[in-house]
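Single-structure report; data block below.
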Amino acid sequence: MGRQVSINHYTINSSIGRVLKTPLGADLLGSFLRQAGLLHLRRVIFNPLVKQLPFKALSLLAPDKIDNDLLSMMCRKINTYAQTETIPPDAAEIRETWWKEAVCYQIYPRSFFDSDGDGVGDIPGITAKLDYLQNLGIDIIWLSPVYDSPEDDNGYDIRNYYTILPRFGSMQDFETLLQGVHKRGMKLIMDMVINHTSDEHAWFQKAVEDNNSPYHNYYIFRPGDTSPPNNWRSLFSGSAWSPVSTGSDRKSAEQYLHLFSRKQPDLNWECAAMREELYRMIRWWLDKGVDGFRFDVINFISKEEGLPNGNEKLGELTGFTGIENYLFGPRVHQYLQELRRETFARYDVTTVGECQGLGSEMMRYFVHEARQELDMSFNFDHVDPPGAERLKGYVYDLNDLKQLFISQTETWGNSSWNAVFLENHDTPRMADKVGVSEELRDHFAKMMGGLQLSFRGTPFLFQGQEIGMGNPGFESMDEIRDMESLNYYKEKLAEGADEDALKAGIFFGSRDNSRTPLSWSDEEQAGFTQGQPWIRVNANFRQRNVAKQEKDMHSVLSFYKRMIALRKERRELVYGEYHFYGAAQRNVFAYGREYKGQSSLVVMNLSDKPLRLPRSVRRALEAAQKKAETALSNYEEEPRTRPLLTLRPYEFRIYC
Ligand code: TEU
């Protein structure tokens, strides 16, 4: 992107309205209010009179959470963006392409299918199940990391980018998998973790052995052996700095930066030689024939120059002091454009960036087609409720998801595309976040699938979602494997937290909740392994499993198959414009989609109680029912009234 001479300059004396007009201002403030549990203030801030007040007046609204320092920091970031980045105008029409039409499926290899009885899922296990995925209608598989790794963070700590972790299989096994995928007309994208490596990666080993080695500049070191060089906190508890353990010589003692665990040192993206090594490696995978990448925490790669201390108030609020120094870092776009140019630009592949902290306005800087960075991003605003902490437990309100999804569609425009997900390996199962009762679980699972598969954006399903798997119901800390949960437990206990409450939060929110083995059948260990699984299987696998649901035309799995097939038949479900009905009314989620003369209507009841439909929705429904060629719902029995006046608990209906 060419640099732009700009007269835009924002300070804490600029009006709130002016700041809100910038994408970064709108998003920063939006996510700030969300995180601070101050969403109710949105109304106040968007009031035309309030908008005329200076930006610094915001600190009066919540003095304990907002200070001038924080607001100045926001302005600095906004200025940097305003001076260096632009969002090009939108194309007149959406560009049609394969990865927008695809349905994707995330495989967490450790827990998908174990072919050799060691209790850990593996690559031949995935190959064995390709027909299953093809039958389901999957086009693209996203494979969580299978590279060589000491598995401190289940493979998100890569020791060698060019080899496969032996317990997952060999490179030959990987190639067989890739062939099997391609033979079935499907594609495979790799997880690519390049914000950090494992501390056991040869680069890091050489870097700590010898300060003068060229590899020393591949990571981020600062002198000192006692106190950390700044106040940044790791996303996995404690300081983001650890001393290099080999340094016995005081003068050469150093600390290294790790935003995640101490076994995941951050790479120094300022180092051109390091970037070149990464690009070479990515080209190597492309030449092997992979169809793209999911880039792990890719919006964290550029760190603020000088690594300044993080704002304390923001630290308290987010739990991650320092975050403003790597979220929207100064060179992130330069790096992303270079990454694309040097690697995937010349291949017909697709990319999705994991972009925690990215709102729907800022997203356009990352995925606008004319900017040549990424194809799609995973945004996280909808993953947890406003102001809530996963490891403390919460009740998720689907109305919040609805509001976010609606507002996102307003900002995307024709040139930005997104990935739509409801579950992944980092968050508990949706039904448990919402607290759905046992008897409504199937209806709920189908409704969520219906929503995801009728929305604009490429759907990414997470393994188990297609059979409505829930959390396993952990009961003891011995069952927990995830280092994030274990570190958190240790840290909070040491701080004097109440043990029962602490455990309850972890059993609810641990990432392990979605990492238990896929329930394949009612055989021992859910048919996942002949051995002892690395983590327990879900207790209800005899009732809820793939084999059983394959035989039942009313199962969650059968519903997913039908919904996926429908999405492929009806292009308006992929590309269509939206018209929302009754959006202001709680628990009503209804939209029409229209594209090139074809239209569909979706109606949902987001609650577990019967819902009376507002008139606008009833009218739209009546019209859609009259002309519909296909109708699909998550209830076997037809509704009693026609036209429809009420929806049953978690009822989903689509008319095309
Ligand atoms: O996750 C990044 C990330 O920030 C989170 O979703 C994270 O799991 C959580 O917020 C921590 O509080 C990615 C991967 O998806 C995750 O599995 C890895 O652990 C992490 O990066 C580090 O590579």
Side-chain angles (χ1 to χ4, degrees), residues 31 35 106-111 142-147 149-159 161 189-201 204 232-238 240 257-267 278 293-301 315 317-323 326-329 352-358 377-385 388-394 419 421-428 433 460 462-463 480-489 491-492 505-506 508-515 535:
S31 56
Q35 191 82 26
Q106 181 191 355
I107 290 185
Y108 198 65
R110 294 174 73 87
S111 302
W142 151 28
L143 194 57
S144 275
V146 290
Y147 314 91
S149 158
E151 297 184 278
D152 180 57
D153 188 18
N154 291 359
Y156 283 89
D157 47 325
I158 299 176
R159 181 163 48 200
Y161 289 98
I189 66 176
M190 301 285 281
D191 217 310
M192 190 45 82
V193 190
I194 48 178
N195 173 70
H196 46 267
T197 67
S198 162
D199 64 339
E200 297 181 28
H201 193 289
F204 191 73
W232 298 9
R233 273 180 58 89
S234 152
L235 273 81
F236 291 151
S237 302
L257 178 72
H258 55 87
L259 296 181
F260 294 90
S261 92
R262 58 172 59 224
K263 285 187 68 62
Q264 294 168 298
D266 279 61
L267 285 164
L278 289 182
F293 302 98
R294 173 265 188 193
F295 287 106
D296 193 65
V297 286
I298 198 67
N299 59 332
F300 287 7
I301 55 179
L317 190 66
T318 58
F320 306 124
T321 314
I323 190 163
Y326 49 87
L327 195 64
F328 315 126
V352 48
E354 188 205 23
C355 295
Q356 191 123 333
L358 199 65
S377 68
F378 289 125
N379 302 25
F380 283 76
D381 276 348
H382 67 287
V383 172
D384 301 312
E389 280 178 54
R390 173 163 52 81
L391 291 172
K392 290 198 173 140
Y394 54 65
F421 73 101
L422 298 171
E423 294 184 358
N424 67 22
H425 64 296
D426 289 334
T427 175
K433 295 195 206 180
F460 278 74
F462 178 64
Q463 66 184 48
I480 301 294
R481 301 281 174 275
D482 182 20
M483 159 266 304
E484 181 202 44
S485 300
L486 298 173
N487 288 356
Y488 179 84
Y489 182 65
E491 184 178 86
K492 295 292 162 196
I506 290 174
F508 170 89
S510 174
R511 304 191 299 177
D512 281 337
N513 279 304
S514 56
R515 298 176 176 186
I535 190 169

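Indexing begins at 1, ligand by ligand and atom by atom, following the structure's order.
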Using a 4.0 angstrom limit on heavy atoms, which residues are close to ligand 1?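 Residue list for ligand 1: Asp153, Tyr156, His196, Leu235, Phe236, Phe260, Gln264, Arg294, Asp296, Val297, Glu354, Gln356, Arg390, His425, Asp426, Glu484, Arg511, Arg515.
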Is the shortest heavy-atom distance from the side chain of Ser514 to the side chain of Asn424 under 4.5 Å?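 Result no, sub-4.5 Å side-chain heavy-atom pair not found.
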Mind checking what makes salt bridge (charged side-chain N to carboxylate O under 4.0 Å, His left out) contact with Asp384, not counting sequence neighbours?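 Asp384 satisfies salt bridge (charged side-chain N to carboxylate O under 4.0 Å, His left out) with no residue once adjacent residues are dropped.
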Pair Ser144-Tyr156, side-chain donor/acceptor within less than 3.5 Å: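 The criterion, which ignores hydrogens and geometry beyond distance, is satisfied for Tyr156 and Ser144.
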With sequence neighbours excluded, what pairs up with Arg262 under the side-chain contact (heavy atoms from CB on, under 4.5 Å) test?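 Arg262 satisfies side-chain contact (heavy atoms from CB on, under 4.5 Å) with Ser242, Tyr256, His258 once adjacent residues are dropped.
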Please enumerate all residues that pass side-chain contact (heavy atoms from CB on, under 4.5 Å) together with Ser261, with sequence neighbours excluded.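 Partners of Ser261 by the side-chain contact (heavy atoms from CB on, under 4.5 Å) criterion, ordered by chain and then number, come out as Asp152, Phe236, Lys263, Gln264, Met483.
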Over all atoms of both residues, closest heavy-atom pair of Pro145 and Pro109: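 Taking Pro145 first and Pro109 second, the nearest heavy atoms are O-CG, 4.1 Å.
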